[in-house]
Enquirer: 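Pasting in a structure now, in structure tokens, and then I'll have a few things to ask.
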Amino acid sequence: MTMFGPGRLFADVQSYAEAGNKQSGGAGDRWTADWTAKRLFSAGFEVDRQTFDVPWFEASHCELTLGDHTIPLVAQPLAVETGEAGLAAPLRLAEIPERLDGAIAVVRLPFRRWSSLVDRAVREPLADALARGANGVILITTGPTGEALLLNVPAGHPVSDKPLALLAPRLAAPVIEAARHGAAAKLALRGRGGIRAAQNIIGRRVRSGRPWLVVSTPRSGWTDCAGERGPGIAMWLALADWMPRAFPQHSLLFLCNSGHEYENLGASHIADKVGPAPGETAFWFHLGANAAARDYQEMPGRLLPLPSADPYRFLMTSPEFVTCAREIFKGQPGLEMAYPSAEGTAGELSEVIKAGYVRHAGIFGAHRHHHAVTDDLSTVTPDPLAATARGVRDLLSAVVS
């Protein structure tokens, strides 16, 4: 079937990538909402939109001045600004156990593919630095790309009540050295922001009295999100074309959610107000982050691309489908070892399970460019994308009676 072929799938990833930045309610997110809505309508779905509010912030200045040198930083939403004058203060390393009164604390995170400010490994050192009196915080998000990694946050209020910015580890050496000696610095964080509308896209094919099949995927994120979101979007579109004919005895619900970077905000609205009753739902499949992004060799200071899929992805299913899923995805890096979802899930699949949908499966993970500005079309390669899509198709065929 050409809809599951590498050419068709990769072309959809390319279209998604070319829409640009995907922050909720922004231009790229709105374009993708319209595009996916049109594709659902062409596939025979009735299309609705669920609108909700999201915060936004665009930095005009975000930098650290050390003497004659200016080092670019990245504003971490929800941002607290420094004002026009900036924050002039000594730098201090947060890992040194002393008071940080009035200082700009430099928090060095260990090497990881970082995703969320709610993560204890980020939240606790940040809270500790603030509790010891820091007037501002710079987080060094140490990870594979050397870039600053934006972190998912709750939508309601800033996690820090002081200015918080991110520093790319590839630029961090002079800042760390200055912090060792308590050097004077100035942090400038200014911009504009507020509240704007974002939309979940909802497609339905209703067959009266028939059980529901649900397929969901997020589309928003901090960057262009080509590898983080593109493969899930492409597979979701292929399934929307295939499933109406493959499952004529079921009603179909297709969901494309915004608000993901605000701790699954869009998905929480779906679970509360849109999803069918769990007892009327035969199966829910969720396509999350890193459904099929490219793998890389990690070399000092650079990443060398590989033609295979990044194995840091997880396939979680309700317990009765684990054995079947392992057989279908045999040989596919990361997915070949499906796990029962009771062992722990992440992302929007957690919202599905929390809402009571007991027959489910989902893919989620974090590729090496996860949440980095470098997450562009180069992070996806067609053949692993197609292999994953065929696996999803075959799993649905196997578990839906």
Side-chain angles (χ1 to χ4, degrees), residues 57 59 61-67 69-83 86-154 157-191 222-223 261-263 366 368-373:
F57 182 83
H61 291 83
C62 192
E63 58 194 23
L64 185 73
T65 302
L66 284 172
H69 301 288
T70 299
I71 299 164
L73 304 174
V74 175
Q76 169 61 58
L78 305 170
V80 174
E81 298 181 74
T82 60
L87 172 61
L91 291 174
R92 294 274 190 264
L93 288 176
E95 65 234 43
I96 297 174
E98 59 186 28
R99 292 293 301 175
L100 298 169
D101 296 301
I104 300 170
V106 178
V107 176
R108 295 194 285 180
L109 298 179
F111 188 94
R112 224 170 92 183
R113 305 182 193 191
W114 296 101
S115 182
S116 175
L117 249 176
V118 177
D119 187 327
R120 285 181 59 189
V122 186
R123 173 171 44 87
E124 291 182 354
L126 171 61
D128 177 66
L130 294 171
R132 285 188 283 139
N135 270 355
V137 178
I138 295 172
L139 279 179
I140 303 174
T141 52
T142 313
T145 63
E147 300 292 339
L149 304 177
L150 283 153
L151 303 170
N152 292 353
V153 291
H157 56 83
V159 173
S160 168
D161 61 357
K162 305 292 185 181
L164 169 64
L166 308 173
L167 173 60
R170 64 181 176 81
L171 303 175
V175 178
I176 293 169
E177 187 62 22
R180 290 187 199 281
H181 298 93
K186 185 167 77 170
L187 171 63
L189 199 173
R190 301 192 302 275
W222 294 120
T223 69
E261 66 272 33
Y262 296 107
E263 291 296 327
R368 283 181 175 81
H369 293 265
H370 188 75
H371 288 206
V373 71

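Note: hydrogens, waters and symmetry copies are ignored here, and every other heavy atom, side chains too, is used. Everything numeric in this text was worked out from a predicted model, so none of it was measured.
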Enquirer: For the CG atom of L109 and the CG atom of L166, what is their distance to the nearest 0.5 Å?
Expert: 9.0 Å

Enquirer: Using 0.5 Å steps for rounding, measure from the CG atom of L167 to the SG atom of C62.
Expert: 10.0 Å

Enquirer: Is any side-chain heavy atom of L126 less than 4.5 Å from a side-chain heavy atom of L117?
Expert: yes

Enquirer: Closest approach of A105 and A134, non-hydrogen atoms and distance?
Expert: CB-CB, 3.8 Å

Enquirer: For the residue pair W222 and Y262, is the inter-centroid distance of their aromatic rings smaller than 6.0 Å?
Expert: yes

Enquirer: Output every pair passing side chain to side chain donor-acceptor pair (under 3.5 Å) with a member in residues 132-143, not counting sequence neighbours, ordered by first then second residue.
Expert: D128-R132

Enquirer: Return the CG to CG distance between L171 and L64, rounded to the nearest 0.5 Å.
Expert: 11.0 Å

Enquirer: In Å and rounded to the nearest 0.5 Å, what is the OG to CG distance from S115 to L150?
Expert: 11.0 Å

Enquirer: More than 12 heavy atoms of other residues, nucleotides or ligands under 6.0 Å from CZ of R120: yes or no?
Expert: no

Enquirer: Answer yes if the side chains of R190 and H61 hold a donor-acceptor pair under 3.5 Å, and no otherwise.
Expert: yes

Enquirer: Hey, is the main chain of R108 close enough, under 3.5 Å, to the side chain of E95 for a donor-acceptor pair?
Expert: no

Enquirer: Within the distance-only criterion (no hydrogens, no angle test), does the side chain of H181 pair as donor or acceptor with the backbone N or O of E177 below 3.5 angstrom?
Expert: yes

